[in-house]
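The sequence lines fix the lettering, A, B, ..., with proteins before strands; numbering per chain opens at 1.
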Amino acid sequence: MVLLLPEPLREVYWNIPQEVLPFFYVGAAVSALMFSLGVLNRVSVWVQGQDDERSELSGRGWSGLLVLSLTKLFVQDCMFAKRIFSRSVLRGVMLILIIWSTLALFAGTVLVFLDHYLHLNFFLRGNVYLVFSLVLDVAGLAFLIFIIFALFRRYVIRPERMILSLEDGVILILLLLIGVGGFAVEGLRLAVLRPENMDWSPVGYAFAQAFSSFYGGNLEGLKRAHAMAWITHAIISFTFIAYLPFSKMFHLFASQITTSAAAQRYKYGDQ
Amino acid sequence: MTKVVTPSLIDNLTKRQLIELDACVRCSECLYECPVYEVTKERSLTMMEKLRIFRRFVTARHGLKARLFGPSPVDEGQLIRFTEDLYKCTVCGDCAVVCPVGIHCQELWPALRAKMVQLGYGPIGLQKTLPAIVKEKHNPFNQPHDKRTAWMTPDIKVADKAELGFYMGCGLHYVGVPMLEGAVKILNAASVPFTSMLEDEWDCGFPLYIIGELGQLEELVKHNVEGLVERGVKRLIIQCPCCLNQIQNVWPKYYGGKLPFKLVHITQVVADLIDQGKLKFTKHLNETVTYHDPCYLARGQGEGFGVIEEPRKIIRSFPGVNFVELEKHGVLTRCCGAGGGIRRAYGDLATEMAFDIVKAAEKTGAKTIITNCPACYERVRLSMEVKRFAPQMKVVDLLQLAAVLL
């Protein structure tokens with residue numbers, strides 16, 4: 001028997017046993033704590049630097065530098081990969097894929113969080129939810145395309161001068177697991193619930209078809225798989241968040257500042 | 001394995017430079033351009049590896065754990081190896097141009113070298129003799145100061161005072177005399193009055209700055225600026241790209257403010273004179289030539305900010321010339337290996353890098369390499385002698401050639 005819902009609706013924590021939720025919150029808190037310590041570890045070095053009167057970094061402390069890091073993310077060099085495109089169109093496209101998809105997925109997660117805990121009842125129901133789900137599916141697909149191509153380029157094409165490190169592989173595999181895991185959770189949920197408009201989540205729909213076929217319509221099996229996938233997805237995501245500031249991924253906070261500074265260097269004749 | 005707790009590793013670094021340590025994405029883009037890596041294939045010499053290793057030292061000494069519980073010691077052997085690798089760089093800035101996150105190693109490496117000098121780990125080899133040489137003789141070539149203007153002949157006109165000044169620099173006075181002769185003849189031929197400090201001129205400080213020896217810089221800068229101001233200089237011509245870079249980017253800090261004159265490279269002046277019809281080349285060249293962009297001239301402080309078109313305008317105005325470009329030209333020009341103090345510490349490495357330019361020029365079919373920097377002029381010619389490259393290509397300075405074709 002399949003369940004049919006009267007309107008598009010996303011129930012947060014659907015099918016997740018209540019006894020799992022405290023562990024989820026603890027995991028989130030630990031991950032956030034590790035992330036914060038990691039960021040503090042790096043920014044605590046930044047603030048010890050000298051001020052250069054020519055630079056907009058002058059006079060900024062902890063919060064000022066973090067705010068700058070956030071605002072500089074939305075400049076042309078970052079959002080449109082200007083410096084990368086001048087070297088390689090392919091790499092420019094790859095960078096745009098990952099930046100825009102990650103921002104969309106992050107924004108989507110934040111909106112789900114806000115909608116649920118502030119009882120907004122806006123993003124997770126009705127037509128808004130359909131569009132929301134479509135955008136996130138497209139973003140997730142772009143994200144996976146980037147990750148798969150990045151792995152292919154590093155480990156199959158192997159450009160002559162690219163120096164590989166274990167860290168690169170760890171980061172890409174974690175991201176791949178997060179991306180695939182997210183679609184697996186969505187697909188398993190859709191396979192059980194079979195909502196009317198599930199083609200608005202095209203990638204999730206494809207996963208749902210695959211899981212339904214694999215489990216042969218066994219609802220209990222699908223639900224168990226969903227719960228396991230959800231827990232695994234949470235663990236891997238928390239691990240990545242905690243690991244981020246201790247890895248080269250911390251460039252997410254630093255590179256937009258340096259890129260912006262590079263665009264401001266003065267030229268001959270200004271003296 | 002000796003562990004040391006060093007004094008501060010970062011007290012001379014700006015916030016931006018500290019952020020640069022965290023911005024590297026290890027994309028390997030710098031490897032594609034690094035002339036040192038091209039020759040050595042040593043990973044530890046790449047920008048990304050140096051950043052990674054230095055960041056480890058910084059985290060141990062200054063990170064959150066260090067601030068809460070005290071700094072951790074660093075392995076002195078690693079610090080020494082890092083210093084050696086730090087000095088195996090010409091600071092040509094090619095990696096900075098291609099770096100997707102804009103890490104500016106042309107400022108960062110000299111700052112780190114200054115720190116290593118302060119800690120007693122740098123400079124390397126013969127570089128250590130430089131401060132005493134410059135102190136005594138006001139030039140880095142260990143040549144008598146009173147021989148600085150020995151090249152001048154009575155027909156060369158240099159005014160005592162003029163609004164247009166010419167900072168000639170040690171490289172031109174002692175190593176690149178044909179370059180200087182060419183430049184001065186061109187200015188005299190176009191009746192452009194200029195002044196220069198001549199025997200009063202001291203080194204610009206670049207050879208000391210680039211190896212991290214900063215002790216004499218204030219004295220050198222103030223002496224030169226005051227000398228130029230006394231001569232009424234409002235606009236300063238510079239021919240040597242290293243001097244230009246030093247005066248543009250370092251002198252203001254040691255002068256204590258904005259310099260009291262505008263700066264211009266001599267090829268910009270000569271290109272203007274050609275446009276105004278004040279210079280005409282009457283002799284035919286009838287040769288295939290190529291031009292090597294000096295790194296500090298083409299790249300300046302970053303891509304798009306350097307002097308690239310003016311030298312080409314001059315070359316294209318030579319009658320009968322067939323000009324062909326090197327594969328790596330303009331803002332991505334290959335370094336000749338002369339910069340960064342590397343000649344004094346790792347001469348063989350510098351020679352190999354210079355010879356790569358000769359090989360690249362040979363591929364174009366050119367018989368003459370035109371240079372525009374005393375360091376490139378000397379290093380490229382020397383590399384052919386060391387390598388016994390025959391038939392040797394001609395290496396000629398741009399304005400040396402231009403003066404001949406007047």
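Between B:Arg312 and B:Asp293 there is a salt bridge, since at least one side-chain N of the basic residue sits less than 4.0 Å from a carboxylate O of the acidic one. A salt bridge links B:Arg26 with B:Glu49: at least one charged nitrogen is closer than 4.0 Å to a carboxylate oxygen. At a threshold of 4.0 Å, the pair B:Glu107-B:Arg16 counts as salt-bridged, since one of the basic side-chain nitrogens sits closer than that to a carboxylate oxygen. Residues B:Asp85 and B:Lys50 are not paired through a salt bridge, judged by the lack of any N-O separation under 4.0 Å between the basic side chain and the carboxylate.
The backbone N or O of B:Ile247 lies less than 3.5 Å from no partner atom in the side chain of B:Tyr167, so there is not a single donor-acceptor pair. Remark: side-chain polar atoms of B:Lys65 are not paired, donor with acceptor, to backbone N or O of B:Pro71 under 3.5 angstrom.
Contacts between residues 86-99 of chain A and chain B, defined by a heavy-atom separation under 4.5 Å, are made by A:Arg87, A:Arg91. Residues of residues 249-257 of chain A that come within less than 4.5 angstrom of chain B, heavy atom to heavy atom, are A:Phe250, A:His251, A:Ala254, A:Ser255, A:Ile257 in numerical order.
Looking only at atom types and distance, the side chain of A:Lys72 has a donor-acceptor partner in the side chain of A:Ser260 under 3.5 Å away.
Note on residues 12-66 of chain B: pairs passing ring pair (Phe, Tyr, Trp, His ring centres under 6.0 Å), not counting sequence neighbours, are B:Phe54-B:Phe82, B:Phe57-B:Phe82.
The part of B:Arg55 that comes within reach of chain A is its side chain, from C-beta onward, which places non-hydrogen atoms under 4.5 angstrom from that chain. Heavy atoms closer than 4.5 Å to chain B are found in the side chain of A:Ile84, but not in its backbone. With a 4.5 Å cut-off on non-hydrogen atoms, A:Ile171 does not touch chain B at all.
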A:Lys248 vs A:Asp168, salt bridge (Lys or Arg N to Asp or Glu O under 4.0 Å): CA-CA, chis, key distance, verdict:
CA-CA 9 Å; A:Lys248 76 174 193 181; A:Asp168 295 334; 2.7 Å; yes

Would you mind writing out the side-chain donor-acceptor pairs for residues 24-43 of chain A within the sub-3.5 Å range, not counting sequence neighbours?
unit_1, atom_1, unit_2, atom_2, d
A:Tyr25, OH, A:Tyr117, OH, 2.7
A:Ser31, OG, A:Phe238, O, 3.0
A:Ser36, OG, A:Ala32, O, 2.8
A:Asn41, OD1, B:Leu64, N, 2.8
A:Arg42, NE, A:Pro245, O, 2.9
A:Arg42, NH1, B:Asp22, OD1, 2.4
A:Arg42, NH2, A:Pro245, O, 3.1
A:Arg42, NH2, A:Ser247, O, 3.0

